[in-house]
Amino acid sequence: MTPRFVLVLSENWTLTTGRDLPVLVRWAREAEDAGFDAVMVSEHVVLGPDAGADGVMGNPREYALPGNQDPFTPWPGSLMLLGAIASATTRIRLAAAAVLAPLKHPLALARDIGTLDLLSEGRLVVQPTVSWSRDEYAALGVPFTRRGAILDEQLEIWDLLWRGSPVSYHGTHFAFEDVYFEPRAYRPDGPRMWFGGQHLHDRLLTRLVRYGHGFHPLGRPTPDELERLQAAMAAEGRDAADLEMIGGCRPVFPDDASVSPLEPALERIPEQVAQGFTTFCIKPSQFTDDPDGVGAFCREVVKRTDALLS
């Protein structure tokens with residue numbers, strides 16, 4: 001099995017400024033040329049004081065997690081940025097990770113998602129999530145405690161919209177009658193969808209089984225969680241082997257001012273492959289401080305991983 005790599009384009013602000021977005025488009029082209037399978041962009045609309053409530057990360061190259069980031073961290077609009085990348089590439093998949101769906105109306109968000117999926121001819125991957133920041137929800141006037149129920153209604157609405165018009169829906173949070181949604185997404189059942197989280201809770205499991213094409217956990221799922229996922233997929237007549245499993249490459253920073261060596265971050269890929277993982281996310285700023293060396297970095301990742309698995 002040849003693993004697929006996803007270049008994480010968010011959070012690389014030790015390599016570039018948050019305003020130099022064209023450089024991210026260039027890195028996407030370089031990743032495509034190097035044989036990477038996808039690029040990934042995450043998002044926030046705004047951040048508040050709770051972004052760093054647990055203390056800001058020591059090394060700014062670390063992954064941004066709930067409560068560990070500077071509220072000034074840049075988060076460009078993911079779908080617009082991926083639209084620019086779609087126009088500059090031909091093959092690489094476009095992963096819109098952490099799309100904060102409850103902060104947007106499902107019809108408006110479906111329009112943006114469907115348009116990007118058509119522009120990229122089906123290369124879009126969407127990972128809807130509810131996220132964690134109470135301050136962000138408060139700023140946008142959306143009830144934080146209802147975010148899961150809101151997302152579930154949005155997923156139901158999208159499933160209807162992708163399949164044809166007119167569409168009517170009557171839920172707790174959204175209601176409309178006889179809307180026509182054209183043009184629809186590239187595929188009859190919509191763009192590919194990943195779901196993930198820190199734990200495989202019941203609601204996440206239901207979303208994966210009903211709508212998921214990929215499982216992208218935050219961290220490593222336990223053997224029990226993987227067994228639950230397989231059983232739930234089988235109970236609904238779905239083959240768990242058809243679910244893309246997305247893992248990661250964890251850096252080992254020698255200190256708070258330095259990048260991680262690449263080799264130890266790749267060493268656990270064979271173990272993850274044995275567990276069924278096929279796709280691996282990697283963030284370039286964790287391993288290089290050279291903004292002109294991202295293409296070479298991607299080629300090195302592919303070369304070293306091939307050697308590990310040969």
Taking it one step at a time, do I282 and F36 satisfy side-chain contact (heavy atoms from CB on, under 4.5 Å)? CA-CA 10 Å; I282 191 162; F36 267 46; 3.8 Å; yes

Rounding to 0.5 Å, atoms OG (S260) and CZ (F287) come to a distance of 5.0 Å

Closest non-hydrogen contact found for P284 with F297 is CA-CE2, 3.8 Å

Would you say H44's side chain and W75's backbone share a donor-acceptor pair under 3.5 angstrom? no

Between R93 and D37, does any NZ, NE, NH1 or NH2 come within less than 4.0 Å of an OD or OE carboxylate oxygen? yes

R184/D117 ion pair, N-O < 4.0 Å: no

Take M40 and S10 through the test side-chain contact (heavy atoms from CB on, under 4.5 Å) and record every step on the way to the result. CA-CA 7 Å; M40 175 182 289; S10 304; 6.0 Å; no

Is NZ or CZ of R61 both nearer than 6.0 Å to the six-membered ring centre of F253 and within 45° of the ring axis? no

Distance col, row Q275:CD vs Q272:CD, nearest 0.5 angstrom, shows 7.0 Å

Check whether any side-chain N or O of W158 sits under 3.5 Å from a backbone N or O of L107 as a donor-acceptor pair, and report yes or no. no

Salt-bridge present (D33, R91; N to O < 4.0 Å): no

Heavy atoms, side chains only, cut-off 4.5 Å: are D50 and W132 in contact? yes

Whether R238 side chain and V209 backbone form a donor-acceptor pair below 3.5 Å: yes

Checking side-chain contact (heavy atoms from CB on, under 4.5 Å) for the pair L7/V294: CA distance, chi angles, key distance, verdict? CA-CA 10 Å; L7 188 70; V294 171; 4.1 Å; yes

If we ignore hydrogens and angles and just use 3.5 Å, is the side chain of W162 paired with the main-chain N or O of A185 as donor and acceptor? no

Before giving the answer on ring-ring contact (aromatic ring centres under 6.0 Å, His included), spell out for H170 and F176 the whole-Å C-alpha distance, their side-chain angles and the decisive distance to 0.1 Å. CA-CA 6 Å; H170 302 92; F176 49 84; 7.8 Å; no

For R147 and D152: C-alpha separation, side-chain torsions, deciding distance, then whether salt bridge (Lys or Arg N to Asp or Glu O under 4.0 Å) applies. CA-CA 9 Å; R147 67 196 192 284; D152 287 337; over 6 Å; no

Value for OG1 (T145) from CZ (R134), rounded to nearest 0.5 Å, stands at 7.5 Å

Calculate, to the nearest 0.5 Å, the distance between atoms CG and OG belonging to L140 and S133 respectively. 9.5 Å

Give a yes-or-no answer on whether the side chains of Y186 and E121 include a donor-acceptor pair shorter than 3.5 Å. no

Classify the side-chain pair R250/Q286 by whether it contains a donor and acceptor separated by less than 3.5 Å. no

So, S258 versus D255: side-chain donor-acceptor pair below 3.5 Å or not? yes

Quick one: does T288's side chain have a donor or acceptor within less than 3.5 Å of a partner on S285's backbone? no

When you measure from the side chain of H201 to the backbone of L204, do you find a donor-acceptor pair of N or O atoms at a distance under 3.5 Å? yes

Does the side chain of I113 come within less than 4.5 Å of P191's, by heavy atoms? yes

Using a strict cut-off of less than 4.0 Å between a Lys/Arg side-chain nitrogen and an Asp/Glu carboxylate oxygen, indicate whether E156 and R207 qualify as a salt bridge. no

List in chain and number order the residues that pass side chain to side chain donor-acceptor pair (under 3.5 Å) with W194, two or more places apart in sequence or in another chain; answer none if no residue qualifies. E244

Mark yes or no for whether E153, through its side chain, and F174, through its backbone, hold a donor-acceptor pair below 3.5 Å. yes

Using only atom types and a distance under 3.5 Å, with no angle test, would you say the side chain of S87 pairs donor to acceptor with the backbone of A84? yes

Classify the angle between the aromatic ring planes of Y211 and F195 as parallel (below 30°), tilted (30 to 60°) or perpendicular (above 60°). tilted

Set out, in order, the CA-CA distance, both residues' side-chain angles and the distance that settles side-chain contact (heavy atoms from CB on, under 4.5 Å) for E32 and T90, then state yes or no. CA-CA 8 Å; E32 182 174 70; T90 60; 3.9 Å; yes

Salt-bridge criterion met for E271 and R220 (N-O under 4.0 Å): yes

Within the structure provided, determine whether D189 and H213 are in side-chain contact (heavy-atom separation under 4.5 Å). yes

